[in-house]
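As structure tokens, the structure follows; a few thoughts come after it.
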Amino acid sequence: MRVCDTAAEAVDGIEDGSTVLVGGFGMAGMPVQLIDALIDQGATDLTVVSNNAGNGDTGLAALLAKGRVRKVVCSFPRQADSWVFDGLYRDGKVELELVPQGNLAERMRAAGAGIGAFFSPTGVGTPLAEGKETREIDGRTYVLELPIKGDVALIGAHLADRMGNLVYRKTARNFGPVMATAATTTIVQVREVVETGELDPEAIVTPSIYVDRVVAV
Amino acid sequence: MRVCDTAAEAVDGIEDGSTVLVGGFGMAGMPVQLIDALIDQGATDLTVVSNNAGNGDTGLAALLAKGRVRKVVCSFPRQADSWVFDGLYRDGKVELELVPQGNLAERMRAAGAGIGAFFSPTGVGTPLAEGKETREIDGRTYVLELPIKGDVALIGAHLADRMGNLVYRKTARNFGPVMATAATTTIVQVREVVETGELDPEAIVTPSIYVDRVVAV
Amino acid sequence: MSLSKDEMAAAVARDIPAGAYVNLGIGQPTLVADHLPDGSGVVLHTENGLLNMGPRPSDEEVDPDLTNAGKQPVTELPGSSYFDSATSFAMMRGGHLDVCVLGAFQVSAGGDIANWHTGAPDAIPAVGGAMDLAIGAKSVFVMMTLFAKDGSSKLVPSCTYPLTGVGCVDRVYTDVATFEITPDGVVVLDTFGTSYDELAERLDVPLSRA
Amino acid sequence: MSLSKDEMAAAVARDIPAGAYVNLGIGQPTLVADHLPDGSGVVLHTENGLLNMGPRPSDEEVDPDLTNAGKQPVTELPGSSYFDSATSFAMMRGGHLDVCVLGAFQVSAGGDIANWHTGAPDAIPAVGGAMDLAIGAKSVFVMMTLFAKDGSSKLVPSCTYPLTGVGCVDRVYTDVATFEITPDGVVVLDTFGTSYDELAERLDVPLSRA
């Protein structure tokens with residue numbers, strides 16, 4: 001675990017072609033400063049896994065606008081302010097894998113938890129299960145879903161201690177905890193880094209084992 | 001959600017033949033008063049799912065000694081003080097399904113999370129995977145594991161509020177949270193029931209949706 | 001008289017049991033919250049990670065860290081709890097919600113629902129949590145106008161739009177009638193400004209009376 | 001001189017990188033904690049739900065709510081976190097622990113481990129978290145005496161006891177030698193009170209020198 005001085009230091013070394021898990025539900029929990037640093041860092045040909053595909057012209061939308069993203073894996077790309085993604089998608093400049101939100105979260109959980117695959121009832125009989133293996137178990141039909149593992153996770157949290165334990169704030173928690181478990185390198189922007197021992201051990205949401213780099217922004 | 005006055009009220013209606021998930025790791029988190037009440041209540045022919053199979057002569061061991069348990073599903077029955085289980089097992093009076101601890105927890109999580117089955121790497125190539133379906137995924141071999149659903153969960157927690165939100169204390173947390181999700185009826189003994197709003201919403205471990213009955217003991 | 005949106009929301013609210021755990025889908029279903037009686041004890045779930053969600057805050061109280069699934073600012077009530085997305089969807093998928101209320105483009109006589117994609121070739125698809133909600137809650141209520149702008153019924157023998165979930169809808173609340181989807185077919189529970197016979201004639205779906 | 005249990009634990013401790021996340025199995029492996037240097041930053045995991053576990057408390061400080069996987073009282077260090085069993089085993093199974101140290105009845109030349117069951121027909125089997133630990137950690141270290149009481153080697157061509165995990169052991173720390181299990185076979189890293197040639201003669205497993 002490294003406490004970084006700058007967002008640039010935090011995103012150092014992210015390679016072209018990486019799968020990057022990006023936290024946030026809309027703007028809540030979105031690691032905007034890390035994404036800005038990633039834009040400056042220059043990695044390209046990225047696969048981005050995130051619930052949405054960018055809002056307005058900042059954060060994930062800005063990364064998309066720079067042409068750095070080859071493929072988006074998400075549940076809800078289309079929003080009132082998703083014009084950047086919309087344009088790229090219509091022009092065939094970005095690939096989309098649409099995943100129901102619960103399967104998206106559970107596929108990342110599986111990656112983090114060492115589960116090889118799981119049978120989900122979500123999406124059965126819909127276009128999003130087409131071509132996937134199905135099985136009837138105990139009278140119900142399920143579709144086989146595979147893990148989504150990230151090379152890197154970029155997430156936003158509220159506070160970290162110097163070991164990397166994290167707490168979040170309200171619904172900004174969303175995809176942060178599961179993405180932290182699912183990436184080889186988990187990079188976190190927080191509002192403040194506190195001394196080790198200041199966070200209540202009973203209330204820590206992401207234990208330090210999942211966190212590689214932290215930066216206060 | 002009902003706040004019960006007595007443990008007897010809390011365990012009312014548990015039927016013969018039920019599958020009962022019993023929390024605790026050794027004595028930490030063991031819902032001793034609920035088990036005592038279950039002994040008095042009289043339900044029999046039970047399948048008990050718990051990490052251990054009783055310690056000493058109280059709690060789960062006492063339930064076993066009364067001959068109420070047809071089958072134990074657990075990871076670690078044999079302990080220095082598991083003489084009750086040991087005797088019944090050697091006499092062929094109780095059935096044992098031995099499950100690796102992580103698969104035990106994950107199978108209950110699957111039941112609570114609506115997952116039909118999952119591929120686990122744990123136990124592959126060992127006697128505990130014999131007869132189970134295996135599959136190679138991405139170069140690794142996994143064994144297919146099915147959910148374990150309870151009719152009832154009996155768990156111990158530290159505090160509840162009047163809605164049924166729970167917090168635990170230290171390593172007494174263990175199987176409580178996952179069992180709370182995996183049973184049709186979740187019954188909880190706590191040290192104190194506090195007013196709704198007194199628990200920090202960021203630190204609640206088991207949200208009220210999973211809890212049916214609470215009793216302070 | 002047919003029902004207004006608010007009257008439809010009130011009709012749904014009346015059928016939600018006291019103390020139920022409920023998810024209200026994005027759009028019209030969110031109106032249902034305004035019609036739950038005081039002291040109902042109904043607990044609202046929002047899939048981005050909150051139980052016991054409260055109403056929209058005043059402008060001064062808006063907190064960007066506290067939104068609903070529609071990304072609108074909300075509040076927390078006493079007894080709230082926060083959790084991450086994997087936990088939230090485990091809760092939904094695991095059948096712990098008593099009721100979810102969804103909007104829909106179409107519902108079939110067999111309880112299939114289509115509410116995420118019109119199938120238009122140039123549309124950008126977005127599904128969010130709709131498929132998880134459709135198959136997860138113990139009871140799935142749909143709230144929609146019965147007829148589309150072109151006059152066609154949205155209660156259909158079989159959905160023509162891409163499906164969200166199969167055989168999962170329990171009740172359909174519309175401006176002119178309330179329907180129950182049963183294994184034996186579609187039952188008309190109530191009509192508003194129309195009659196059972198008018199409906200039976202206009203819909204392609206076999207109906208029966210409650 | 002062959003190593004004492006404490007010297008074996010010290011040998012293991014020396015090979016644990018600073019800052020590593022480590023699970024020490026029940027029994028002898030717990031001795032390793034006593035040999036980690038001050039300031040190593042090694043974080044101990046106990047599978048019943050705690051990271052950054054501290055040493056045994058004084059008798060007055062014993063807390064029945066705070067134990068390790070062996071159900072012995074322990075303490076928490078600054079920066080600890082608690083979590084439930086499903087989360088704890090997700091952490092293990094997901095490959096997040098850097099090292100786990102296990103005792104064993106037998107280890108095979110291919111890295112199989114047998115440590116949960118002697119196979120005796122009257123034994124009551126108990127596996128606990130051993131199978132999850134064996135396949136979960138990035139590096140699996142085994143700590144055992146090399147020879148059983150009857151003189152037979154516990155490092156074997158193929159385990160005769162029921163397996164705990166297949167092909168998962170990386171290193172074997174014994175009283176008379178330390179071995180590395182590699183895809184190309186078993187490498188002797190160190191010997192204590194014996195020689196490579198003596199070992200090569202006594203074991204049924206092909207060895208090579210480091």
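Convention: sequence-line order gives letters A, B, ...; per-chain numbering from 1. Since we're looking at a predicted model, the values are computed, not measured.
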How about A/Asn51 and A/Ser75: does a side-chain donor come under 3.5 Å of a side-chain acceptor?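 Side-chain D/A pair, A/Asn51 to A/Ser75: present.
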Charged N-O contact under 4.0 Å between [X] and [Y]:
X	Y	value
B/Arg70	B/Glu97	no
B/Glu192	B/Arg162	no
A/Arg2	A/Glu9	yes
A/Lys170	B/Glu202	no

Using a cut-off of under 4.5 Å on heavy-atom pairs, state which of A/Ile115, A/Val205, A/Ile137, A/Leu146 scores highest against chain B.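 The option with the most such pairs is A/Ile115.
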Top of B/Arg135, B/Arg109, B/Arg140, B/Arg169 for chain A proximity - count of heavy-atom pairs under 4.5 angstrom: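 Between B/Arg135, B/Arg109, B/Arg140, B/Arg169, the count favours B/Arg109.
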Which one wins on heavy-atom pair count under 4.5 Å against chain A: B/Gly114, B/Gly116, B/Ala203, B/Ala113?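 Of B/Gly114, B/Gly116, B/Ala203, B/Ala113, B/Gly116 has the most heavy-atom pairs under 4.5 Å with chain A.
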A/Leu144 versus chain B, the contacting section by heavy-atom distance below 4.5 Å: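 For A/Leu144, the contact with chain B is made by the side chain alone.
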Contact part of B/Glu145 toward chain A, heavy-atom cut-off under 4.5 Å: side chain, backbone, both or neither?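 For B/Glu145, no heavy atom lies under 4.5 Å from chain A.
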